[in-house]
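Notes to accompany the following structure.
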Amino acid sequence: MKKVLVATVKPFAPAAVKQIKTIIEDAGYEFVLLEKYADQSDFINAVADVDALIIRSDKATAEVINAAKNLKIIIRAGAGYDNIDLAAATEKNVVAMNTPGQNSNAVAELAMGMMVYLARNQFNGSAGKELRGKNLGMHAYGHVGKLVGEIAKGFGMKLYAYDPYISKEIIENDGVEYVDDIKDLYSKCDYVSLHIPANDETKGSINYDLISLMPENATLVNTARKEVINETDLIKAFENIEGFKYISDIAPDCNAEVSEKFPGRFFFTPKKSGAQTSEANINAGVAAANQIRDFFEKGDTKFQVNK
Ligand code: 3PG
């Protein structure tokens, strides 16, 4: 019997776990759950005899993959797969997949919620600012960027998007202004919302050259990955740009310095929360379970990311 392990330091909502279990057991496989594990070694021990693995931001390192002698497939229940050692997976003939789009609405709602929260001075009672009429730039226009645009339209924001992988036509069809130069996006926008993955090309790429183009009192919104920010440059931006603010779904490494020097100009979630809704957990978890079943039963590799 095939064995499927769900390994999540940050657990799915119970309703999602229940649905994943049902799909796995209905397919005739064994379901195993490892939640809130204290140490990476617990994860490594748990994969020893599994055929398939469902994870979130859990680190599927080469050590994990090599310890999983029977492993054929890893599903990252979510969008970003920077936590999987793809080279190690490919080397061991393990298929790696994500579940694109399944948790995007939760992330988009958090991005908007954080914008309101900071614009209203974290609800401290002082006069804040409104989002209506402000320029919002989506830096990348994938599933999350598109949804942020949809919601922001309701707030009356003016929308811009930069994404070299998405056509002008698609962006304009959504009533969003297409920007073909990244510098223009940062120069134009009071808010820039990041929706880029973390990879060799993007890590540290949000630097002072870009941020310093933003107008006074602008806000950078990061629900992508903290690694895409050049943190030395982030501090420089706080120091040199009048009223510059930064919102991030998870604190940067320079949290202590920012907190001490720039009060009221940032908000960081204490735990990565973008995809942490039961709806997103169900969508991504169910998609992951279905993708495992379809891979084993039909050889379906549609969402493979290490082809
Ligand atoms: C993603 O890449 O899908 C999001 O960052 C969500 O990550 P999480 O599942 O660890 O919350």
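Just so we're clear, the structure is a prediction, and the values are computed from it rather than from any experiment. One-based numbering, in listed order, for ligands and for the atoms of each. We number each residue from 1, following the sequence as shown.
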Practice item. Keeping the roles fixed (side chain from Glu35, backbone from Val6), state whether a donor-acceptor pair exists under 3.5 Å. Key: no
Point to revise | Test: Lys146 cationic atom under 6.0 Å from Tyr141 six-membered ring centre, within 45° of axis | key: no
Check your understanding: Who are the residue neighbours of ligand 1 when the rule is a heavy atom under 4.0 Å from any of its atoms?
Key -> Lys10, Arg56, Ser57, Arg76, Gly78, Ala79, Gly80, Asn103, Arg225, Lys272, Ala275
Revision key, fill the gap. Tyr178 meets the side-chain hydrogen bond (donor to acceptor under 3.5 Å, both in side chains) criterion, sequence neighbours left out, with none
Point to revise | Residues that Tyr117 engages under ring pair (Phe, Tyr, Trp, His ring centres under 6.0 Å), provided they are two or more places apart | key: Phe123, Phe267
Review point. Taking the six-membered ring of Phe296, is the NZ or CZ of Lys2 close enough (under 6.0 Å from the centre) and on axis enough (within 45°)?
Key: yes
Point to revise | Partners meeting side-chain hydrogen bond (donor to acceptor under 3.5 Å, both in side chains) with Gln19 (sequence neighbours left out) | key: none
